[in-house]
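Note that ligands are numbered from 1 as they come in the structure, with each ligand's atoms numbered from 1 the same way. Values reported hereafter were calculated over all heavy atoms of this structure, with side chains retained and with hydrogens, waters and symmetry mates removed.
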Amino acid sequence: MIWIKLAFMFVQKEAYHKIKVELDAAKVNLVAVSKTKPNEDILALYELGQRAFGENYVQELVDKEASLPKDIQWHFIGHLQSNKVKYIAPFVHLIHGVDGEKLLKEINKQAIKSNRIISCLLQVHIASEETKFGFDKTELIALVDSGHLANYSNLVVKGLMGMASFTQDQALLKKEFDGLATTFNMVKEKLNNVHFDTLSMGMSGDYALAIKEGSTMVRIGSLLFGARNYVL
Ligand SMILES: *Cc1c(COP(=O)(O)O)cnc(C)c1O
C-alpha cells in the first residue's frame, strides 16, 4: 500500500502555481501552512520561491527555523501560550493569533529582550464553534478604544486574523468573513495607522470566498502540502 502514503506526501507544485497566480492577481499574500510537514516539503516550495511559512506548534517551529534557510519568514498561526513567546521572539515574522492583553504584554517584553519589533495580528472570534480562540468584537473594540496598544514600544499590531466555522455552508462563511472585514475596517479607521493593513482570513477550503470578502493574507496548508496525517 506504499502508493497511498506517497500520494499524501507529495508537495502539490501545480496547485502552488495555480494558487499563486490567483493570489498575485488579487494582491493577496500567501502563508504556506507547513505544520506537521517535513523540512523537505518546505524546501520544495522554497525552491519555487515561497518564503512565508506558517506553523502552529512552538517546538516544531523552533526546530524548523534552526535547520532551514534564514530568509524564510516564519508566521506563528497557532494558539500561543505566554510562557512560550520567548522561544520564537528572536526570529518570528508575524504572530497571527494574539487573543489577550497578557499575551501582548509578554510579546512586547520578549521583543525588547531580543531587541526587535515584533508584528502581530489580533485574533477575532468569528466562528460559530466554541473551540476557536480570539477576542470577541466588543472586547476588541474596548481594547482599541483604551489606547493601550500605543503603550507597547516593541510591538506593531498589523491587523486582524480570524478562522471561520468548519463548514461547507457558503452563506455562513460569507457572513463570518464579511463580519470580520467590517470589524477590520472599523478598527483601521479608529487606529488611523498605516501599519494596520493585514487581514488574515481564508484557508484551503474557503480562501476564494475570503478573498472576495476582503482578505489580504490567506493561510493555506493541505492544498499545497497534501492532507496532514498526524499518525505517520
Ligand atoms: C492548519 C491551519 C491552517 C491551514 O489549514 P488548511 O485547511 O490545511 O489549509 C490555516 N490557519 C490555521 C490557524 C491553521 O491552524
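- For residues 171-188, the set of pairs meeting the side chain to side chain donor-acceptor pair (under 3.5 Å) definition, not counting sequence neighbours, comprises Ser165-Glu176, Lys174-Glu213.
- Legend: residues meeting ring pair (Phe, Tyr, Trp, His ring centres under 6.0 Å) with Phe177, ordered by chain and number and at least two apart, are absent.
- Heavy-atom minimum distance, Leu199 versus Ser215: O-OG, 3.4 Å.
- Note: no N/O pair closer than 3.5 Å links Val33 and ligand 1 by distance alone.
- Between the choices His79, Met203, Arg219, Lys35, the shortest heavy-atom distance to atom 14 (C) of ligand 1 belongs to Lys35.
- With ligand atoms numbered from 1 in the order given, ligand 1 contributes 4 (C), 6 (P), 8 (O), 9 (O) to contacts under 4.0 Å with heavy atoms of Gly221.
- When heavy-atom distances to ligand 1 are checked against a 4.0 Å cut-off, Asn56 comes that close only through its side chain, counted from C-beta outward.
- Ile141 and Lys190 make their closest contact through CG2-CE, 3.9 Å (heavy atoms, listed as atom of the first residue, atom of the second, distance).
- At least one heavy atom of Arg228 sits under 4.0 Å from some atom of ligand 1.
- Atoms of ligand 1 found under 4.0 Å from any heavy atom of Ile220 (numbered from 1 in listed order, with element): 9 (O).
- Contact record, Met161 with Ile77: CE-O, 3.9 Å, taken as the closest heavy-atom pair.
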